[in-house]
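One structure below.
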Amino acid sequence: MRKVFKLDEIDCANCAQKLEDAINRVEGVEQARVNFLTQKLTLTTADDANFDDVLDRVVKLTADLEPDCEILR
């Protein structure tokens, strides 16, 4: 499953890259792309049934790495 989410307050391109690299290491994530210019996260998982669980882990990771950034659902 592939979905696109708006990111609120990702501050710089370096932060976006750091976040993308970390999200790509989350179990269940097939591919993640963080676009600093458009402030969007494109998240792809291999298993549609577990998408919400993977997304919850990604949201928690984002809050830990970039406390000012929020994934808007």
Side-chain angles (χ1 to χ4, degrees):
M1 177 178 284
R2 178 177 172 261
K3 288 191 178 182
V4 178
F5 299 93
K6 178 84 172 119
L7 295 173
D8 186 34
E9 295 195 34
I10 188 88
D11 295 330
C12 68
N14 188 42
C15 296
Q17 185 62 55
K18 179 176 75 171
L19 187 58
E20 180 179 302
D21 292 344
I23 293 172
N24 274 306
R25 289 190 297 269
V26 170
E27 184 179 342
V29 172
E30 190 172 284
Q31 182 180 41
R33 294 286 177 242
V34 176
N35 188 316
F36 170 68
L37 293 176
T38 62
Q39 300 279 300
K40 291 188 179 176
L41 163 66
T42 303
L43 182 64
T44 307
T45 64
D47 185 8
D48 292 354
N50 293 328
F51 186 86
D52 290 334
D53 293 334
V54 173
L55 180 59
D56 288 342
R57 288 193 296 268
V58 168
V59 167
K60 182 179 179 345
L61 174 69
T62 300
D64 290 345
L65 286 177
E66 294 295 327
D68 294 335
C69 181
E70 182 181 357
I71 298 174
L72 303 177
R73 298 186 197 197

*asked:* Quick test of your reading of the model: are E66 and K18 salt-bridged, counting only N-O distances below 4.0 Å?
replied: yes
*Is there a path of hydrophobic side-chain contacts, each under 4.5 Å between heavy atoms of I, L, V, M, F, W or Y residues, that connects V34 with V4?*
no
*For A22 and L65, work out which heavy atoms get closest and say how close.*
CB-CD1, 3.3 Å
*For side chain to side chain contact (heavy atoms under 4.5 Å, CB included), just list the numbers for L55 and L43, CA-CA rounded to whole Å, side-chain angles, deciding distance to a tenth of an Å, and then say yes or no.*
CA-CA 8 Å; L55 180 59; L43 182 64; 4.0 Å; yes
*If you measure from CG on L7 to CD on E70, what distance do you get to the nearest 0.5 Å?*
10.0 Å
*Are D53 and R57 close enough for a salt bridge, meaning some N to O gap below 4.0 Å?*
no
*asked:* Measuring from atom CD1 of I10 to atom CG of N35, what distance do you get when rounded to the nearest 0.5 angstrom?
replied: 11.0 Å
_L37-I23 co-clustered via ILVMFWY side chain contacts under 4.5 Å_ = yes
*Using side chain to side chain donor-acceptor pair (under 3.5 Å) as the criterion, list what pairs up with R73, not counting sequence neighbours.*
D56
*Are N24 and R33 close enough, and set up right, to give a side chain to side chain contact (heavy atoms under 4.5 Å, CB included), and what steps lead you there?*
CA-CA 8 Å; N24 274 306; R33 294 286 177 242; 4.2 Å; yes
*asked:* Can you give me the closest heavy-atom contact between L41 and A32, atom names plus distance?
replied: CD1-CB, 4.3 Å
_Where A16 and F36 come nearest, the two heavy atoms and their spacing_ = CB-CB, 3.9 Å
*So, the side chain of D48 versus the backbone of M1: is there a donor-acceptor pair under 3.5 Å, distance only?*
yes
*Give a yes or no on this: more than 12 heavy atoms of other residues, nucleotides or ligands lie within 6.0 Å of atom NZ of K6.*
yes
*Of all residues at least two apart in sequence or in a different chain, which pass the side chain to side chain donor-acceptor pair (under 3.5 Å) check with K3?*
none
*Of the non-hydrogen atoms in F5 and L72, which two are nearest, and what is the gap between them?*
CD2-O, 3.7 Å
